[in-house]
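Before any comments, here is the structure.
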There are 2 protein chains.
Amino acid sequence: MLQDRLLETAIAQFGQHGFEGASTRDIASASGTAMSSITYHFGGKEGLYLAAADHIALQIREQLGPLHDRVDRALPLATREEAVDLLLMLADGFARLLLRRESEAWSRFIGREQQQPTEAFERLYQGAMKAMIDTVLALLARCRPDLPETERRAMAVLLYGQALILRVGRASVCRIMGGAALNQEDEAMLRARLARNVRCILSEDMDG
Amino acid sequence: MLQDRLLETAIAQFGQHGFEGASTRDIASASGTAMSSITYHFGGKEGLYLAAADHIALQIREQLGPLHDRVDRALPLATREEAVDLLLMLADGFARLLLRRESEAWSRFIGREQQQPTEAFERLYQGAMKAMIDTVLALLARCRPDLPETERRAMAVLLYGQALILRVGRASVCRIMGGAALNQEDEAMLRARLARNVRCILSEDMDG
DNA sequence: GTCTATACTACGATAGAC
DNA sequence: GTCTATCGTAGTATAGAC
């Protein structure tokens with residue numbers, strides 16, 4: 001489908017060069033069509049950009065939806081220990097997603113929006129991120145009822161950062177791990193260490 | 001100084017719009033000069049970009065240098081507990097830097113280079129990041145001699161992520177904390193929680 | 001629906017006046 | 001050193017053919 005091809009190309013190009021750096025001519029020709037198709041289907045460059053954001057939100061929902069649903073269903077009846085396990089599952093699912101090559105294109109797109117939010121960020125947030133964050137906060141409330149709400153929110157932020165760095169700071173991550181790219185063992189170790197961190201933080205001495 | 005004014009403007013504009021999105025005309029006029037000054041002083045757009053990267057590395061060294069030196073000097077004689085405290089100091093210094101408004105401009109610049117490394121990343125890494133990472137790894141070796149080297153590197157990555165999210169994922173951080181911007185209490189809580197996470201991870205049960 | 005042709009704007013580089 | 005003027009290229013948008 002022409003529209004989908006344009007969207008995929010747009011995500012890659014906008015992610016790589018930014019909104020202003022990407023050119024509609026290039027996006028169109030890389031999709032095997034003429035530039036004016038973009039005007040026709042999306043109304044222009046900006047319409048294409050927003051449609052790309054919606055497309056990304058949809059992809060993320062498709063990727064994490066099943067896992068997310070499973071966690072949401074299990075949450076109401078979960079004990080504290082089960083909630084810890086659910087959060088570990090969710091964190092690992094997210095980490096796996098961010099380590100996959102396929103996430104590179106759209107994560108660049110999101111990365112730009114994080115630092116420079118436009119209307120597209122609102123679509124990404126409402127379309128994909130909000131539900132996930134709410135679930136994480138609910139899980140944290142179950143795991144650490146001893147902490148004030150604000151501190152649990154801070155925990156969610158820092159947890160999010162530990163996963164996000166795997167994609168957003170990839171250049172540094174490779175340097176720190178000591179190679180040009182991440183190999184299988186690096187990825188396994190990062191995921192394992194993330195799990196240990198989460199477990200450790202969630203089971204921290206509750207007098208604290 | 002005209003050069004410095006151009007560099008400051010360039011960091012802001014390159015960070016905001018990317019290399020291709022930023023225009024030398026705009027950078028020049030925002031610096032109160034003509035575009036051809038860029039050609040004269042930096043040889044062109046690319047020269048300005050690389051000089052901007054060097055300028056950022058210098059700024060970071062100036063900001064974190066004193067703290068970093070203090071830690072480096074204390075490290076050789078530090079006990080495990082003292083090493084934990086040194087790492088906490090370093091992490092908090094980094095977090096404070098990333099929470100400051102001034103870090104916004106150059107962090108956007110670095111953020112782009114992280115996902116799309118060019119020669120500028122090499123300069124940033126060699127000029128500012130490498131020394132910091134080495135110190136963190138040395139501190140981790142002191143704190144957690146029980147862990148294999150690779151796992152300590154993974155720890156460094158995840159620690160780095162927890163600080164970096166404060167700047168790089170700011171839009172999400174604000175949403176999670178529940179406001180349009182971070183207020184004093186949010187920042188204090190994020191820093192406190194980061195410290196608790198670090199202490200918790202470093203003092204984790206050493207059986208493994 | 002998709003393409004070609006064209007209009008208009010803005011870009012970076014460069015030459016030359018001061 | 002800094003500015004103005006100009007050149008060639010590349011950007012988006014749009015009208016109209018098919």
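Treat the numbers as computed from the prediction; the structure is a model and nothing was measured. Labels below follow one simple rule: chain letters A, B, ... track the order of the sequence lines, proteins then strands, and each chain is numbered from 1. Values reported hereafter were calculated over all heavy atoms of this structure, with side chains retained and with hydrogens, waters and symmetry mates removed.
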Original post:
B:A28 near the nucleic acid: base, sugar-phosphate alone, or nothing, with a heavy-atom cut-off under 4.0 Å?
Top reply: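 The residue B:A28 makes no contact with any strand.
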**OP:** Select base, sugar-phosphate, or nothing to describe what B:T39 touches, counting heavy atoms under 4.0 Å on all strands.
**Re:**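 Base contact - B:T39 has a heavy atom under 4.0 Å of at least one base atom.
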Original post:
Any salt bridge between A:R199 and A:E204, counting N to O under 4.0 Å?
Top reply: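 No, this pair does not count.
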Subject >> Test: B:E151 and A:R196 ion pair at under 4.0 Å >> reply: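 Salt bridge: yes.
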**OP:** Could you tell me whether A:R175 sits above the aromatic face of B:Y125, with NZ or CZ closer than 6.0 angstrom to the six-membered ring centre and within 45 degrees of the axis?
**Re:**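 Output yes; distance and angle both within limits.
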For the pair made of [atom1] in [X] and [atom2] in [N], what is the distance, rounded to whole Å?
X: A:F14; N: D:dG11; atom1: CZ; atom2: P; answer: 13 Å
X: A:D26; N: D:dT9; atom1: CG; atom2: P; answer: 17 Å
X: A:H17; N: D:dT12; atom1: NE2; atom2: P; answer: 13 Å
X: A:E20; N: D:dG11; atom1: CD; atom2: P; answer: 14 Å
X: B:K45; N: C:dC11; atom1: NZ; atom2: P; answer: 9 Å
X: A:Y49; N: D:dT12; atom1: OH; atom2: C1'; answer: 17 Å
X: B:F19; N: C:dC11; atom1: CZ; atom2: P; answer: 14 Å
X: A:R25; N: C:dT6; atom1: CZ; atom2: P; answer: 13 Å

Original post:
So does B:S36 reach the base of D:dC3 with its side chain, donor to acceptor, closer than 3.5 Å?
Top reply: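 Check passes, donor-acceptor contact within cut-off.
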Where the side chain of [X] is defined as all heavy atoms beyond and including C-beta, which of [options] is the nearest nucleotide?
X: A:L2; options: C:dC3, D:dG11, C:dT2; answer: C:dT2
X: A:T33; options: D:dA13, C:dG12, C:dT2; answer: C:dT2
X: A:M35; options: D:dT14, C:dC3, D:dT4; answer: D:dT14

**OP:** Specify the closest pair of heavy atoms between A:M89 and A:L67, including all atoms of both residues, with the distance to one decimal.
**Re:**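 Where A:M89 meets A:L67 most closely, the heavy atoms are CE-CD1, 3.3 Å.
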**OP:** Would you kindly compare A:Y40 and B:E46 by the position of their nearest DNA chain C nucleotide and give the one closer to the 5′ end?
**Re:**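 Final value for this comparison: A:Y40.
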Subject >> Presence of B:T24 side-chain N/O under 4.0 Å of C:dG12 phosphate oxygens OP1/OP2 >> reply: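 It does, given that an N or O in the side chain of B:T24 lies less than 4.0 Å from OP1 or OP2 of C:dG12.
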**OP:** Please determine if a side-chain N or O atom of A:S23 lies less than 4.0 Å away from the OP1 or OP2 oxygen of D:dA10.
**Re:**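 For D:dA10, neither OP1 nor OP2 has a side-chain N or O of A:S23 closer than 4.0 Å.
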Original post:
Under 30°, 30 to 60°, or over 60°: which ring-plane class applies to A:F14 and A:F19, parallel, tilted or perpendicular?
Top reply: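 Correct class here is parallel.
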